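A quick write-up on the structure given underneath.
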Amino acid sequence: MRGKRRWAVFWVALVAVLAGTGLGLWYGWVVNPVEYKDTDVAHLYAVYRDEFILMVGEAYALDGNLDTARARLALLSLPDPANAVADLAEASLSRGASQLDVQALARLAAALGAQRESLYPYLGASLTAPSDAVDVQP
Amino acid sequence: LPPLLIGCLGVGVALGLLISWWLWPVEYTDVSPDTLRPAHRLEYIVLIAQAYKHDGDLRRAQIRLAALGDLASMGLEVATLAEQQAAQGESMSPVDVERIRALAALAYALGHRRSTLAAYLPGGPGYVPGAAPTATWTPWPTATPTFPPPTPTASPTPSPTATSQPTETPTPALTREPTHTLVVRASATPSRVPSSTVTSTPTLTPRPTRTPRPTWTPTATPRPEPRFELAQLRRICPGASDPKEASGQLRITVLNAEGEQQPNVELLVRWSDGEDRVFTGLKPEMGAGYADFSLERGQSYQVGVIGVESDVAQGIVADECVDGAGGTQVVSWEIVFRLSGAGSSE
């Protein structure tokens with residue numbers, strides 16, 4: 001009789017723990033999950049990471065500061081930033097992106113040490129780009 | 001038994017929370033830029049500005065900024081960021097100066113014109129290419145001229161003799177002109193209006209010898225810039241009046257300044273983890289300025305016109321409503337943008 005009661009208590013306790021665990025998981029995963037408010041650039045969607053690399057290339061085309069470009073790419077935690085930039089340059093080329101974009105990426109890739117034959121034509125003379133986008137009227 | 005039950009339940013909850021919050025939390029690997037930490041957000045904004053300075057593509061910059069937050073507030077954030085960085089003063093390196101210039105240019109293009117940033121814009125006072133701006137700068141011109149010409153208030157009096165003389169210095173040089181009234185215009189101190197007028201034949205019109213010389217000549221008649229304003233934002237429960245009405249639809253109409261529907265306008269529809277662009281005029285049977293977009297249940301959206309300044313329609317939530325037949329439907333929204341300020345000048 002006493003043994004049966006012990007088993008009953010055990011089962012009730014087990015069910016209660018499982019139910020509580022389920023409740024806790026439901027609360028922690030569904031109702032109030034961990035929120036990432038302060039994420040890193042490295043966690044961005046692939047499309048935004050590509051956009052970030054392109055912007056680093058454009059900024060490098062603007063200021064020619066390779067150290068800054070390297071530091072910015074480091075935010076993405078890429079295993080091989082140079083080849084990532086070169087890959088993006090080739091992908092941009094194949095999908096018909098603007099020459100200005102391809103050139104910016106190709107030059108950054110080359111400066112970082114990634115040489116690709118397909119990108120050689122974009123390492124030459126500067127393409128025409130607006131030097132000052134602002135038209136200030138005195 | 002109940003205390004044991006409650007105790008075990010509590011242990012279970014604690015275990016569940018331990019797993020879900022610490023051991024195996026929800027992982028966000030594909031996040032959008034609006035969740036970035038402040039330092040990375042700042043770098044992202046600076047990159048957008050520098051990319052804009054490189055390619056001059058404002059529309060692209062707007063799309064990039066829209067990923068960080070609503071378009072209306074992003075321009076303000078860019079301008080504020082530029083001002084904060086400009087406040088560093090003389091400790092700035094050439095790299096800092098270039099960053100501020102890029103931010104100032106983008107803020108300017110987005111319609112945020114700050115006098116503190118004028119020195120960082122080409123053509124602005126104190127702007128020196130390749131160098132930090134000089135410490136002294138002339139404030140940005142305001143819409144109201146600093147020196148409005150004084151308006152004579154007195155009319156010719158019958159008395160042929162003048163009773164008072166203007167005392168402003170320098171004394172205006174007078175030239176004879178074949179008019180019949182004498183109007184004295186003070187230029188050095190425009191707030192003081194001479195009260196004397198003399199009726200005589202011929203009369204004299206003094207011509208000021210000095211004119212105020214603001215470094216930037218203010219524009220007397222500011223021209224409002226074209227801007228799409230949100231004329232209507234309406235939540236509709238489909239089927240409430242028309243059973244065939246499509247549910248979960250964003251219906252956008254873009255009007256020009258005359259109120260006519262405007263085709264080929266590009267709109268940005270943005271939601272929590274994505275964005276898309278739509279153009280007006282692709283369904284001419286619905287109207288030349290019409291565009292629509294399918295809403296996803298439970299999602300919230302923002303809509304704005306890209307390429308020009310625009311209000312941003314916010315708070316568009318694709319929630320549910322009960323239609324006339326008692327069924328649940330995803331709501332639809334109607335948005336109307338209207339162009340204002342286009343080409344209108346005084």
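What you see is a predicted model; the values in this text were computed from it and never measured. Naming: A, B, ... by sequence-line order, numbering from 1 per chain.
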Checklist line | A/Ser98 side, atom OG; B/Asp55 side, atom CG - distance, nearest 0.5 Å | finding: 7.5 Å
Margin query: Suppose we screen for side chain to side chain contact (heavy atoms under 4.5 Å, CB included). Which residues come up paired with A/Ser92, at least two apart in sequence or across chains?
Written below: A/Leu88, A/Arg95, A/Ala97, A/Val102, A/Leu105
Check: Which heavy-atom pair separates B/Leu9 from A/Ala16 by the least distance, and what is that distance?
Finding: CD1-O, 3.2 Å
Notebook entry, point to check: Which bit of A/Asp40 comes within less than 4.5 Å of chain B, counting heavy atoms only: side chain, backbone, both or neither?
Noted result: both
Margin query: Please check this pair: side chain of A/Thr39 against backbone of B/Thr35, looking for a donor-acceptor N/O pair closer than 3.5 Å.
Written below: yes
Notebook entry, point to check: Checking A/Val56 against chain B: side chain, backbone, both or neither under 4.5 Å from a heavy atom?
Noted result: both
Next item on the list: Let me know if B/Arg64 has heavy atoms under 4.5 Å from chain A in its side chain, its backbone, both or neither.
Entry: side chain
Note to self: Strictly distance-based, threshold 3.5 Å: is any side-chain N or O of B/His54 a donor or acceptor partner for the main-chain N or O of A/Ala59?
What the structure shows: no
Check: Once you round to the nearest 0.5 Å, how far does CZ of A/Arg72 lie from CD of B/Glu43?
Finding: 4.5 Å
Check: Could B/Arg60 and A/Asp101 be called an ion pair, given the rule that one side-chain N must be under 4.0 Å from one carboxylate O?
Finding: yes
Item checked: Test item: A/Leu44 and B/Ser32 side chains (from C-beta on) under 4.5 Å apart, heavy atoms -> no
Check: Which bit of A/Leu14 is near chain B, if near means a heavy-atom gap under 4.5 Å: side chain, backbone, both or neither?
Finding: neither
Note to self: Would you say that A/Asp63 contacts B/Glu98 through its side chain, given a criterion of any heavy-atom pair below 4.5 Å between the two side chains?
What the structure shows: no
Check: Once you round to the nearest 0.5 Å, how far does CG of B/Leu36 lie from CG of A/Leu75?
Finding: 10.0 Å
Notebook entry, point to check: To the nearest 0.5 Å, what is the distance between OH (A/Tyr60) and CG (B/Leu47)?
Noted result: 15.0 Å
Item checked: Contact check, side chains of B/Tyr52 and A/Glu58, non-hydrogen atoms, under 4.5 Å -> no
Margin query: Within the structure provided, determine whether A/Asn65 and B/Val95 are in side-chain contact (heavy-atom separation under 4.5 Å).
Written below: yes
Note to self: Taking side chain as everything from C-beta outward and backbone as N, CA, C, O, which of these in B/Ile48 sits under 4.5 Å from a heavy atom of chain A? Side chain, backbone, both or neither.
What the structure shows: both
